[in-house]
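Just below is one structure, and these are the notes that go with it.
Throughout, a chain's letter reflects where its sequence line sits, starting with A, and its residues are numbered from 1.
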There are 2 protein chains.
Amino acid sequence: MMNFEAITIKDIATALSLSVSTVSKALSDSHEISEKTKKIVTEYAEKHNYRPNPIAKSLKQGNSKSIGIVVSTIDNQFFSQVINGIESVAYSKGYNVIITQTHESFELEALNIKHLTYRSVDGILISLSTETSDVEHLKSLHKKGLPIVFFDRITDEIDTHKVIADNFNGAFEGTQHLLNSGYKRIAHITSSPNISITRERLNGYAKALEQAGIEFNEDYVKYCMHGGRDIDEVKNAMNDLLAMDKRPDAIFTTSDRITTTTLLLLQKMKIRIPDEMALLGFSNTQLADALNPPLSTIYQPGFEIGKNAIEMLISIIESKNPITEFETRALPTQLFIRDSSSPVKKRSS
Amino acid sequence: MMNFEAITIKDIATALSLSVSTVSKALSDSHEISEKTKKIVTEYAEKHNYRPNPIAKSLKQGNSKSIGIVVSTIDNQFFSQVINGIESVAYSKGYNVIITQTHESFELEALNIKHLTYRSVDGILISLSTETSDVEHLKSLHKKGLPIVFFDRITDEIDTHKVIADNFNGAFEGTQHLLNSGYKRIAHITSSPNISITRERLNGYAKALEQAGIEFNEDYVKYCMHGGRDIDEVKNAMNDLLAMDKRPDAIFTTSDRITTTTLLLLQKMKIRIPDEMALLGFSNTQLADALNPPLSTIYQPGFEIGKNAIEMLISIIESKNPITEFETRALPTQLFIRDSSSPVKKRSS
DNA sequence: GGAAGTGATAAAAACGTTACGCAAAATATG
DNA sequence: CATATTTTGCGTAACGTTTTTATCACTTCC
């Protein structure tokens, strides 16, 4: 049932009364085989549409030509763009990808990684789940020689290639934009403090405040432990903020889900954007322009992140000698200013 | 480098001074092996965390425990939900999935399918590209015994299991809703006539008009040959409609991309929705409520479609005797009425 | 007490490749 | 012309499984 054209090297060998080894070498264009024989073999192979069985090849060569991807969920503009970038490269280099989802669960993440190694992938591309603070499960695999490249949500504890958006700068510029637009009390609804992007973005946010001479107020920062997976996380954050004495006049959000959920909640509460509350957030949605109001966003180059990550991973996999110099690439974000962060109008505050 | 725990049956055999065959049989709980030996073997295997090498197994058994998915693009709410559904089942049944994208190109579709067979997938789940009118490439594979299940965009020419949303009814109800809301001249911007969903939805649309005693007007139907992949497709359709003598007062769109692009264009042209033009379309976006105005949508059960499709595919793959009775499941859509199709106000028309 | 049966294990072949080590033929060298 | 060298091809083992067939030591039976 396997391959549906199912002609093997053996078939070619018997048909041409050659040995399997000769055919194999002829097909791989070995110098040990005469041009004449090579021609006969390749022509026959061509004619009968011979395809080497990738599974036999894998078994023999000890690689699977497949790589594992671990993301929180595929149902997310950012991650699907990343995967798009990964596939664009992987496919052309003869790798296929196995996608797994953590749904922001540490347990699922560990399980997925285990499954991927059972599947004997040649390497792993991973963006950690919000629940993950301990990376022992990855560390031990990495030590045993499994190539790993981190993207988006990375860890300091494992020394390998990493690709991220320039979260610090993205957050910095975004916050600065809000400040320049006249907002004074900027809240920050963000993801779990476990993950790197949360820290990086928080730092960018804090830096912008500092530079503007505004004191950082911990009460203005709200964490969603599952990155907004559950709507109540965002709701609670919002309610806390709205109940404050000095209610914020702008919210800066991280992650697609948190950003859009915040928008939905503000609308539902009939809080006018941006008059009562400005909104700016990380998001890769193509619908930003069509939202009410058009949403100011910080866009991450998802496709490029994926492309870089897979290229780095393949370079590790295919490198002859072990790599010792590792790189962390930070790709620039883009700030799209739309109506949800329009300059503050003169009004009694 | 393969598996990183890399203990094989052979290792167990030598360690316990048994033969490989005995170990293999003991692990598969064969009656030929004594309980005592079985226990020794399984305990040793457990302790040393033995995992059978899936590649060797595949080679021997002639299956790959992987299935191929072909969709137009992963970067689309509907398809990512479908894939989510597929993965949820596939993973638990020991299959992994290889995702490929056609980007609405016939050529890429054929290429992807070829690659998937080279990868010797055990079966294929496919939603045809908008360019595809000829399915010979699939037909021949299917004849040779490759299990295929179609979803979303299906074909009559191949007799196998299929899963779709109930497009006819979805379109029928949607159009009926527009009619009930007082709209008289309902245009329809849809995808390529090549694909099944276009016909099914057109029929639903036409039926609703007929039932309301409104004549079907071919000029009100505009096709986007690549399902709105290129923004100009939609723009041209819109311009044609707006230039008509009897300009439509509502647009009914198919597919996520066409729906959202239409919304964006209407906004850009400052055409008030729904006052000047109502809008209702197929879309799985979670942001419908947050759009301007909140967008009336017909939602397809993407996750369920994926789940059904993979279940059917696995049933074909694992069935002992060839299947002759095939089924086409149509899963109900859901109509979400929001502001973009509010009832017509009394006004001079 | 030898044939036949049974239970437990081992050996060998196979899946489709690749690669190492040889052997035979062709060619070069002195 | 004998010997070395290269060219070209073949045989075989190996990757880690599963499966078919063989082996061996006991029982059991008439």
Side-chain angles (χ1 to χ4, degrees), chain A residues 1-42 44-45 48-66 94 117-122, chain B residues 1-42 44-45 48-66 94 117-122:
Chain A
M1 272 262 206
M2 285 256 55
N3 209 317
F4 295 86
E5 316 284 68
I7 157 171
T8 75
I9 273 190
K10 212 159 139 191
D11 298 329
I12 302 183
T14 46
L16 302 176
S17 42
L18 288 169
S19 78
V20 265
S21 51
T22 307
V23 175
S24 170
K25 289 196 168 171
L27 288 171
S28 58
D29 200 26
S30 158
H31 65 276
E32 299 178 54
I33 305 296
S34 72
E35 289 305 324
K36 207 181 77 194
T37 316
K38 273 186 202 168
K39 202 175 160 209
I40 296 173
V41 172
T42 48
Y44 187 93
H48 291 76
N49 196 26
Y50 166 77
R51 296 291 151 182
N53 180 325
I55 294 176
K57 215 166 173 174
S58 285
L59 179 60
K60 182 68 190 162
Q61 313 202 127
N63 63 18
S64 64
K65 281 286 179 178
S66 68
T117 61
Y118 295 166
R119 277 280 177 189
S120 43
V121 291
D122 295 342
Chain B
M1 271 265 205
M2 285 256 54
N3 210 316
F4 295 85
E5 317 284 69
I7 157 172
T8 75
I9 274 190
K10 211 157 137 193
D11 298 330
I12 302 182
T14 47
L16 302 176
S17 40
L18 288 168
S19 78
V20 268
S21 53
T22 307
V23 175
S24 171
K25 288 182 176 174
L27 288 171
S28 57
D29 200 26
S30 158
H31 65 276
E32 300 176 57
I33 306 296
S34 72
E35 289 305 322
K36 208 182 74 192
T37 315
K38 273 187 202 168
K39 202 175 161 210
I40 296 173
V41 171
T42 48
Y44 187 93
H48 291 76
N49 195 27
Y50 165 77
R51 296 289 152 185
N53 180 324
I55 294 176
K57 216 167 171 173
S58 285
L59 179 60
K60 183 66 194 168
Q61 313 202 127
N63 63 18
S64 63
K65 281 286 181 179
S66 67
T117 61
Y118 294 165
R119 276 280 177 190
S120 44
V121 292
D122 295 343

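As a whole-Å value, the separation of B:Lys36 NZ from C:dG7 P is 16 Å. Atom OH of A:Tyr118 and atom P of D:dG16 are 18 Å apart (whole Å). The CD1-C1' distance, from B:Ile33 to D:dT18, rounds to 13 Å in whole Å. Note: CD1 (B:Ile9) to C1' (C:dA10) measures 14 Å, nearest angstrom. Note: CD1 (B:Ile40) to P (C:dA8) measures 13 Å, nearest angstrom. Between B:Arg51 atom CZ and D:dG16 atom C1' the separation is 16 Å, expressed in whole Å. Distance, B:Lys60 NZ to C:dG16 P: 10 Å, rounded to whole Å. Taking atom CG of residue B:Asp11 and atom P of nucleotide D:dG16, one finds them 8 Å apart after rounding to whole Å.
DNA chain D is contacted by both B:Ala56 and B:Glu32; B:Ala56 maps to the nucleotide lying nearer its 5′ end (nearest heavy atom per residue). Residue-to-nucleotide proximity on DNA chain C shows that, of A:Val20 and B:Val20, the 5′-proximal contact is made by B:Val20.
Between A:Lys38 and D:dT8 there is no side-chain N or O to OP1 or OP2 distance below 4.0 Å. Remark: B:Ser34 is in phosphate contact with C:dT9, judged by side-chain N or O atoms under 4.0 Å from OP1 or OP2. For A:Ser24 and C:dT18, the shortest distance from a side-chain N or O to OP1 or OP2 is below 4.0 Å.
Counting distance only, with no hydrogens placed and no angle test, the side-chain atoms of A:Lys65 and the base atoms of C:dT17 include no donor-acceptor pair under 3.5 Å. For D:dG9, its base never sits under 3.5 Å from the side chain of A:Ser19 at any donor and acceptor pair.
Among C:dT9, C:dC20, D:dG11, the nucleotide with an atom closest to any side-chain atom of B:Thr37 is C:dT9. Taking only side-chain atoms of A:Asn53, from C-beta outward, the nucleotide of C:dT17, C:dA8, C:dA10 with the closest atom is C:dT17.
B:Lys25 comes within 4.0 angstrom of a base, heavy atoms only. Within the nucleic acid shown, A:Ser30 has no heavy atom closer than 4.0 Å to any nucleic acid atom. Heavy atoms of B:Ser21 sit under 4.0 angstrom from at least one base atom.
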Side chain to side chain contact (heavy atoms under 4.5 Å, CB included) between A:Val41 and A:Leu16, worked out: CA-CA 8 Å; A:Val41 172; A:Leu16 302 176; 4.1 Å; yes
Stepwise side chain to side chain contact (heavy atoms under 4.5 Å, CB included) check, B:Ile7 with B:Asn49: CA-CA 8 Å; B:Ile7 157 172; B:Asn49 195 27; 5.7 Å; no
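B:Ser64 approaches A:Ile55 most closely through the heavy-atom pair CB-CD1, 3.9 Å.
Within a 6.0 Å radius of NZ in B:Lys65, more than 12 heavy atoms belonging to other residues, nucleotides or ligands are found.
Inspection of the B:Ser28 and B:Ser30 side chains reveals no N or O donor paired with an N or O acceptor under 3.5 Å.
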